[in-house]
Participant: 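Below is one structure. I have some questions about it.
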Number of protein chains: 2
Amino acid sequence: MDATETRPLTPAGRRIAAAAEELFYERGITGVGVDLIAEHSGVTKRTLYNQFGSKDHLVAVYLAERDRRWRSLVQTTVDARATPRDAVLAPFEALATWSETHTRGCAFINALAELPDPSHPAHRIATAQKLWLLDLFETLAAAANCPAPTPLARQLLLLHEGTLATQPLPLDTLTEATNLARTLIASATTQ
Amino acid sequence: MDATETRPLTPAGRRIAAAAEELFYERGITGVGVDLIAEHSGVTKRTLYNQFGSKDHLVAVYLAERDRRWRSLVQTTVDARATPRDAVLAPFEALATWSETHTRGCAFINALAELPDPSHPAHRIATAQKLWLLDLFETLAAAANCPAPTPLARQLLLLHEGTLATQPLPLDTLTEATNLARTLIASATTQ
DNA sequence: GGGGAAGTTCACCGATCAGTATACCTGCGA
DNA sequence: TCGCAGGTATACTGATCGGTGAACTTCCCC
């Protein structure tokens with residue numbers, strides 16, 4: 001049913017997925033053909049289709065894998081914080097780490113820009129990713145004794161997505177966002 | 001020198017530009033071929049190339065025209081505000097109007113996602129558009145007697161871009177962003 | 001030693017891509 | 001009346017697109 005859970009992948013399948021992840025992110029999904037992915041992973045196009053069936057499925061796998069990695073990084077960062085209040089800010093610290101190696105913005109926003117068809121699996125994955133982060137913010141805020149976690153979570157998500165969207169600009173928006181997030185968290189969790 | 005100022009356009013040229021604007025925004029730039037644009041504007045492909053020379057140039061015209069319209073709407077909204085402090089919030093009200101008819105996110109962010117080549121004219125136009133808004137926020141903040149207009153402007157830009165980026169989500173992020181923006185403006189322009 | 005899964009090789013499909021060539025038509029202003 | 005700009009019609013290029021068919025090898029496990 002779910003097109004993204006038919007693993008485990010074969011060795012060739014893993015190389016294909018790795019090449020697809022880099023190429024799709026760096027050059028855009030519609031800008032990268034299956035022939036290029038096959039070539040970059042040292043594999044025949046036939047093997048690619050034996051493993052993934054279609055380009056759309058490969059795109060779904062690319063986004064799902066990226067989602068998995070991002071959530072893992074965030075969760076690790078959250079778990080490393082000493083106090084609940086520090087934990088609310090953790091996703092912004094994770095974003096700092098993430099942005100060092102991912103400078104082409106948010107892969108999910110980019111995917112939605114390229115694939116207008118709402119029935120494409122990319123839409124479901126991208127929406128789920130954002131809502132997961134929103135929910136995490138809310139949970140963390142509640143754990144930090146914030147009396148109104150919902151609006152705070154939405155504000156933090158806005159800052160988070162705004163940071164990613166302004167990445168191409170010659171401004172250090174991440175620092176600005178983190179500072180403002182800290183202030184918002186502090187004033188929303190008065191105790 | 002500038003590929004976007006060789007107007008005025010002929011009647012056919014205007015129809016082409018109008019069709020390109022709608023199709024590029026709704027279906028993505030790489031997802032729309034020149035044949036489709038020619039067909040939608042009731043024009044021959046030859047005429048399209050006589051008027052615009054290349055698809056890349058047509059893309060640049062599309063973005064430049066969109067930029068022009070957005071700035072015009074924002075400026076009109078700003079001018080209609082009674083007090084300088086209200087004026088700082090005006091771009092968010094303009095965004096509310098704009099979003100009624102443009103539901104596929106920010107055309108400039110989308111264009112950057114689809115066109116990874118930094119030398120493509122789209123990058124210059126998109127960057128200029130964001131920096132223009134940042135500068136406008138700063139100018140408006142200064143006019144509202146904000147002692148530190150630069151950080152406030154960056155915060156407002158973050159909220160603005162975050163709103164656009166979260167547009168596909170089933171949340172009313174615009175209201176949240178506007179409320180927070182109002183609070184930030186109020187507390188940054190104490191007098 | 002037999003069988004099946006993984007992968008290769010290579011040729012092929014129809015469609016679409018951006019862009020061009022050539023010849024023709026039409027209306028308007030000098 | 002001439003010329004020219006704007007536009008049409010149609011056909012074409014070479015490249016690339018996503019995807020398939022069929023036969024072959026290689027290796028591991030029963």
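To find a chain, count down the sequence lines: A is the first, B the second, and so on, and within it residues start at 1.
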Participant: Within this structure, what is the CZ-to-P distance between Phe52(B) and dG7(D), rounded to whole angstrom?
Facilitator: 10 Å
Participant: For residues 152-164 of chain A, please give each side-chain donor-acceptor pair under 3.5 Å, one per line with the distance, not counting sequence neighbours.
Facilitator:
{"residue": "Glu161(A)", "atom": "OE1", "partner": "Lys130(A)", "partner atom": "NZ", "Å": "2.8"}
{"residue": "Glu161(A)", "atom": "OE2", "partner": "Lys130(A)", "partner atom": "NZ", "Å": "3.4"}
{"residue": "Thr163(A)", "atom": "OG1", "partner": "Leu159(A)", "partner atom": "O", "Å": "2.7"}

Participant: Looking only at side-chain N and O atoms, does Gln51(A) offer a donor or acceptor that is under 3.5 Å from a partner on Thr10(A)?
Facilitator: yes
Participant: Could you tell me whether Gly42(A) contacts a base, only the sugar-phosphate backbone, or nothing, with contacts defined as non-hydrogen atoms closer than 4.0 Å?
Facilitator: sugar-phosphate
Participant: We want to know whether Asn50(B) and Thr47(B) form a side-chain donor-acceptor pair, criterion being a heavy-atom distance below 3.5 angstrom.
Facilitator: no
Participant: Step by step, would you call Glu114(A) with Arg27(B) a salt bridge (charged side-chain N to carboxylate O under 4.0 Å, His left out)?
Facilitator: CA-CA 8 Å; Glu114(A) 293 195 71; Arg27(B) 309 194 195 180; over 6 Å; no
Participant: Can you give me the first and the last nucleotide of DNA chain C (5' to 3') that has an atom within less than 4.0 angstrom of a non-hydrogen atom in chain B?
Facilitator: dC17(C) to dT22(C)
Participant: Take the protein atom CZ of Arg14(B) and the nucleotide atom C1' of dG6(D), then report the distance between them rounded to whole Å.
Facilitator: 13 Å
Participant: Using a cut-off of 4.0 Å between protein heavy atoms and nucleotide atoms, how would you tag nucleotides 14-30 of chain D 5' to 3' with B, S and -?
Facilitator: ---SBBBBB--------
Participant: Checking side-chain polar atoms at under 3.5 Å, does Ser54(A) have a donor or acceptor matched by the opposite partner on Asp56(A)?
Facilitator: no
Participant: With a 4.0 Å limit, can you tell me whether Thr47(B) has a side-chain N or O closer than that to the phosphate oxygens OP1/OP2 of dT8(D)?
Facilitator: yes
Participant: Take the angle between the ring planes of Trp70(B) and Trp98(B) and call it parallel below 30°, perpendicular above 60°, tilted in between.
Facilitator: perpendicular
Participant: Taking all non-hydrogen atoms of both residues, which atom of Ile16(B) and which atom of Phe52(B) are closest, and how far apart?
Facilitator: CG2-CE1, 3.5 Å
Participant: If you compare all heavy atoms of Asn110(B) against all heavy atoms of Arg104(B), which two are closest, and at what distance to 0.1 Å?
Facilitator: ND2-O, 2.9 Å
